[in-house]
Amino acid sequence: MSSDHYLSIPTPTDFSFKECLVYLNRSSQEVLHKAEGELIIKLLNVNQSFVLIKIRSKENAIIAELPFGKVNKETGDLITKYIHEWFDLNKDMTDFYAMAQNDPVLTNIVSRHRGLRIVGIPDLFEALTWAVIGQQINLTFAYTLKKRFVEHFGKSFEYDGQLYWLYPDCHQIASLDVSHLKKLQFTTRKAEYVIGIAKSIVSRAITKEALLQMDYEGMKNSLMKLRGVGAWTADYVMLRCLLQPQAFPSADIGIHHALRKHLELDQKPTTNYVEELSKKWGDWRAYAAFYLWRSQLE
DNA sequence: AGCCAGGTGTACA
DNA sequence: TGTACACATGGC
């Protein structure tokens, strides 16, 4: 059910737009979308054109309103695909909920936030570089760096008196010099990693399509060939971008804090301990991770 | 003021 | 294979 001016995208059972909103709203410095109450406004790049979408939820559907109307079928399909990946709509969560119900760590968290899915980052370049930006710095500063990065190198579109931003294009970032990013307070290493990743994407040394053909181990190894991408980043990208249910960033400090709280440990768990613990979640480790992150908000 | 942060690469046993 | 350490800079 769609028209020129909106797309209606059916949502599965056990989907909560509100839970996604909490995650999307976790930083007031986010520049890649704006939240107005129950509405999310975002600028997309669809076949090199700006497309502004206003997203809201209705019973059993997400409505994507297109204020400028008139998109052709191909564009509509691409927007729909993006939203499916953004909100992880293609997943049947039944087995996860059955498993979580009997899991001492997950049972409370999952029942409290039921309907939450992974909030995805469909673009591979964005997912990789956002992960690298966030390495070894606190999330507040990570968002500061991302905002500077986007506002310096991304394109914007003004709507209703507000600026909406696209994530920078990998071709432009590939042509930068380390000094350009150091001015934004990137460390030398981080600047090298981001530029290097941009070059790998431009040269198609790594592509989302090829990664999606691989199994978990192959995918992880391929990602880790990129300089600056270690185990944590590889799993983070497999979780947020490639929507791999087995992905689990064991070294993640947010997961460590969450587990410390829920298991009432007197200190942070070690990465090895967390890695071992995660194995009991099997092919649902990514969802365990996401719910653990969610449990630290609000 | 000093520890910590959504880690990674490198050196070395 | 496993551990130690530099990196660099802001947040709190």
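The sequence lines fix the lettering, A, B, ..., with proteins before strands; numbering per chain opens at 1. Excluded from the calculations below are hydrogen atoms, water molecules and symmetry mates; all remaining heavy atoms, backbone and side chain alike, are included.
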Classify the ring geometry of A:Tyr236 against A:Trp232: parallel below 30°, tilted from 30° to 60°, perpendicular beyond 60°.
parallel

Under-4.0 Å side-chain N/O to phosphate OP1/OP2 contact, A:Thr188 with C:dC7:
no

Please determine if A:Arg117 forms a cation-pi arrangement with A:Phe15, meaning its NZ or CZ atom is less than 6.0 Å from the six-membered ring centre and no more than 45° off the ring axis.
no

Can a salt bridge be assigned to the pair A:Glu275 and A:Arg285 using a cut-off of 4.0 Å between side-chain N and carboxylate O?
yes

From CG of A:Asn138 over to C1' of B:dG7, roughly how many Å is that when rounded to an integer?
14 Å

Output the rounded distance in Å from CG (A:Leu184) to C1' (C:dA8).
15 Å

Can you give me the N/O atom pairs linking the protein to nucleotides 9-13 of chain B at distances under 3.5 Å, or say none if there are none?
unit_1	atom_1	unit_2	atom_2	d
B:dG9	OP1	A:Gly228	N	2.6
B:dG9	O3'	A:Arg227	NH1	3.2
B:dT10	OP1	A:Arg227	NH1	3.4

Can you name the ring-ring contact (aromatic ring centres under 6.0 Å, His included) partners of A:Phe141, sequence neighbours left out?
none

Inter-nucleotide P distance (C:dA8, B:dA1), Å rounded:
24 Å

What residue among A:Leu163, A:Leu43, A:Leu166 forms side chain to side chain contact (heavy atoms under 4.5 Å, CB included) with A:Ser156?
A:Leu163

Is the NZ or CZ atom of A:Lys42 positioned over A:Trp86's six-membered ring, under 6.0 angstrom from the centre and within 45° of the axis?
yes

Are A:Glu217 and A:Lys220 close enough for a salt bridge, meaning some N to O gap below 4.0 Å?
no

Please give the distance between the P atoms of C:dG11 and B:dT8 as a whole number of Å.
22 Å

Where along residues 126-137 of chain A does a heavy atom fall under 4.0 Å from DNA chain B?
A:Gly134, A:Gln135, A:Gln136, A:Ile137

For nucleotides B:dG9 and C:dG10, find the distance between their P atoms and express it as a whole number of Å.
23 Å

For A:Leu223 and B:dG7, what is the distance between atoms CG and C1' respectively, to the nearest whole Å?
16 Å

Can you find a heavy atom in the side chain of A:Asn45 that is under 4.5 Å from one in the side chain of A:Phe50?
no

Heavy-atom contacts under 4.0 Å between residues 231-239 of chain A and DNA chain B, which residues?
A:Ala231, A:Trp232, A:Thr233, A:Tyr236

Residues pairing under salt bridge (Lys or Arg N to Asp or Glu O under 4.0 Å) where one sits in residues 97-112 of chain A, two or more places apart or in two chains, turn out to be A:Asp103-A:Lys280

Would the number of heavy atoms belonging to other residues, nucleotides or ligands and lying under 6.0 Å from NZ of A:Lys91 be above 12?
yes

Give a yes or no on whether the backbone of A:Leu176 and the side-chain of A:His180 come within a donor-acceptor separation of less than 3.5 Å.
no

Let's see if you get this right: which residues in residues 255-288 of chain A place a heavy atom under 4.0 Å from DNA chain B?
A:His257, A:Lys268

Between P on C:dG11 and CD on A:Gln185, what's the gap in Å once rounded to a whole number?
9 Å

Hey, does A:Tyr23 reach any base, or is it just sugar-phosphate, or nothing, if we go heavy atoms under 4.0 Å?
base

What is the distance, rounded to the nearest whole Å, between atom CG of A:Asp252 and atom C1' of B:dT8?
15 Å

Under the criterion ring pair (Phe, Tyr, Trp, His ring centres under 6.0 Å), which of A:Tyr143, A:Tyr167, A:Tyr193 is the partner of A:Trp130?
A:Tyr143

Looking only at the side chains, is there a donor atom on one of A:Thr75 and A:Asn72 sitting less than 3.5 Å from an acceptor on the other?
yes

Grab the CZ-P distance between A:Phe186 and C:dG10 for me, whole Å please.
13 Å

Return the orientation label for the A:Tyr291 and A:Tyr97 ring planes: parallel under 30°, perpendicular over 60°, tilted otherwise.
perpendicular

Figure out the CD1/P separation between A:Ile253 and B:dC3, and round it to whole Å.
16 Å

